[in-house]
Structures are given as C-alpha cells and as structure tokens.
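Have a look at the structure below, then the notes.
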Amino acid sequence: MFWVRVDNRLIHGQIIETWLPFTRSRMIVVANDEVSADPLRQEIMGLAIPSHVEKVFVAVEGLHDFLSSAFQDEAEPDVLVLFASCQDARRAHEHGMAFSSLNLGNMHYGPGKEQICAHVALGGQDKVCLSYFAAHGVVLDFRCVPNEPVQVGRSW
C-alpha cells in the first residue's frame, strides 16, 4: 500500500504501532528538508523504526525522483511517506509526486489556527493547501489512527 500522511511529529509511536501494521509498508520515507540535512535527527528517528523496515530521509523536492528510481517497476510500492506539514506535501505534489489520498494525522493547534477535529488544527496557509488538494482530486482523509472512522472531504 502506498500511504501519504501529514504528521508534524513525523516518526513516533503511533506511526510504528498502528500505521506500519495497517499499511504493511516495507519502507518509511520521511520527506522533510530539515531532517534530510540532519544526520543526528535521522539516527534518533531511525531508532524507533523496526529493523525489517527500510528508512529513507529525503528533501521534499527530491521525493518524486527518489520514489521513481527506487520503485520504477512497482505500480504501488509498500511505502509510508511522511510529511511534517501540508505545505510540504503540496510542494512534493507540485514537483511530480502523485498521490490520490492524503491522510491528515496530526497538525497541532497554535496561534491563529482553528481546531477542526481532535488532532487537526488549521491556519490560513493550511486551508489554502487543503483547497489545492481538493481541487486536484486528492481525497483528504482526517484520521489520527487507522481504526478511526474515515472522515473525508470535511469543510474547514
């Protein structure tokens, strides 16, 4: 299963304990400019990932090229792609990374943000970003963990 998720925490227990088994991913790709340039953060995050799951850290704009070369013969690779923000997911999409569904898992509350569900708070840029995905036919899946009921196409 090819799964794309926005989770500002990136690698954490929920990813390892619920999303990895749900997606049956053989690889986790963290698409984040800061983490891709920080070997210490990569090592720390990597400690949580089971040894049988490959881990890759790439810059957002390099994600499409990486996936294209790594999985050129697979129609739907078993990969879990993690973004820290909706804006990062949009940049990857604009640079050729195609996906039909975007899971919005954790987008923490902050000043100027509106809490739309228990685990997602949206600011103005987030709303613009989600409108972009909706206009491009990407299904927006608002779930913190896979056993929650799927909430799609919410208005914000």
Side-chain angles (χ1 to χ4, degrees), residues 1-71 74-93 95 97-110 113 115-123 125-126 129-130 132-133 138-154 156:
M1 177 185 298
F2 182 72
W3 196 260
V4 181
R5 177 178 171 89
V6 173
D7 189 323
N8 59 338
R9 298 177 293 173
L10 296 171
I11 302 291
H12 56 92
Q14 216 172 55
I15 296 296
I16 303 305
E17 296 297 322
T18 65
W19 288 104
L20 268 180
F22 174 76
T23 63
R24 297 186 182 109
S25 296
R26 295 178 293 122
M27 177 186 287
I28 292 179
V29 178
V30 174
N32 182 274
D33 295 343
E34 293 81 24
V35 174
S36 71
D38 188 338
L40 180 59
R41 284 183 68 192
Q42 292 175 26
E43 188 168 334
I44 291 168
M45 285 184 186
L47 291 172
I49 300 171
S51 60
H52 68 278
V53 177
E54 189 175 349
K55 56 190 171 289
V56 178
F57 302 91
V58 299
V60 171
E61 292 179 9
L63 179 61
H64 172 56
D65 291 342
F66 167 75
L67 291 173
S68 295
S69 65
F71 299 102
E74 294 183 46
E76 187 171 304
D78 296 328
V79 175
L80 172 59
V81 177
L82 298 172
F83 294 102
S85 70
C86 185
Q87 292 77 18
D88 282 353
R90 179 178 177 167
R91 279 192 322 151
H93 192 266
H95 281 85
M97 162 88 178
F99 47 90
S100 58
S101 178
L102 178 62
N103 171 247
L104 298 155
N106 284 301
M107 297 171 70
H108 287 161
Y109 181 80
K113 290 189 171 192
Q115 195 80 40
I116 65 160
C117 62
H119 53 88
V120 175
L122 301 176
Q125 288 183 351
D126 298 318
C129 186
L130 295 182
Y132 164 87
F133 283 120
V138 175
V139 174
L140 301 174
D141 171 357
F142 291 81
R143 279 188 292 172
C144 195
V145 292
N147 62 350
E148 287 181 350
V150 177
Q151 300 174 31
V152 296
R154 295 178 56 121
W156 50 87

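Here the structure is a predicted model, which is why all the values come from computation and not from measurement. Computation of the quantities below employed the complete heavy-atom set of this structure, encompassing side-chain atoms and omitting hydrogens, waters and symmetry-equivalent molecules.
- Of the possible donor and acceptor atoms, none in the side chain of Ser25 sits under 3.5 Å from a partner among the backbone N and O of Ile28.
- Here the straight-line distance linking atom CG of Asn8 with atom OG of Ser85 works out to 9.0 Å at 0.5 Å rounding.
- Distance CG/Leu102 to CH2/Trp3: 9.5 Å, rounded to 0.5 Å.
- Expressed to the nearest 0.5 Å, how far CD1 of Ile11 lies from CG of Asn32 amounts to 11.0 Å.
- Residues Ser100 and Val139 are not in side-chain contact: their nearest non-hydrogen atoms beyond the backbone lie 4.5 Å or more apart.
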Side chain to side chain contact (heavy atoms under 4.5 Å, CB included) for Arg5 and Asp141? Distances and angles first, verdict last. CA-CA 9 Å; Arg5 177 178 171 89; Asp141 171 357; over 6 Å; no
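- A heavy-atom distance below 4.5 Å is found between the side chains of Phe142 and Leu130.
- Looking at every heavy atom in both residues, Val29 comes nearest to Val79 through CG2-CG1, 3.8 Å.
- When all heavy atoms of Ile49 and Lys55 are compared, the closest pair comes out as CD1-CB, 3.7 Å.
- Heavy-atom minimum distance, Arg41 versus Glu34: NH1-CB, 4.0 Å.
- The shortest non-hydrogen separation linking Met97 to Phe2 is CE-CZ, 3.2 Å.
- Between atom OG of residue Ser68 and atom CG of residue Leu63 there is a gap of 9.0 Å, rounded to the nearest 0.5 Å.
- The two residues Asp126 and Gly123 make their nearest non-hydrogen contact at OD2-N, 2.9 Å.
- The distance from the OH atom of Tyr132 to the SG atom of Cys86 is 10.0 Å, given to the nearest 0.5 Å.
- Across all their heavy atoms, Pro39 and Ala37 have their closest contact at CD-O, 3.5 Å.
- Other residues, nucleotides and ligands place no more than 12 heavy atoms under 6.0 Å from the CD atom of Gln125.
- Between Leu80 and the choices Val53, Ile15, Val4, the side chain to side chain contact (heavy atoms under 4.5 Å, CB included) rule is met once, by Ile15.
- Ring geometry for Phe99 against Phe83 counts as tilted: the plane angle lies between 30° and 60°, on a 0 to 90° scale.
- With a 4.5 Å cut-off on side-chain heavy atoms, Asp65 and His95 do not count as touching.
- No donor-acceptor pair closer than 3.5 Å links the side chain of Glu54 to the backbone N or O of Arg26.
- A donor-acceptor pair under 3.5 Å links the side-chain atoms of Asn103 to the main chain of Arg143, judged by distance alone.
- Annotation: the span from Arg9 atom CZ to Gln14 atom CD amounts to 5.0 Å, rounded to 0.5 Å.
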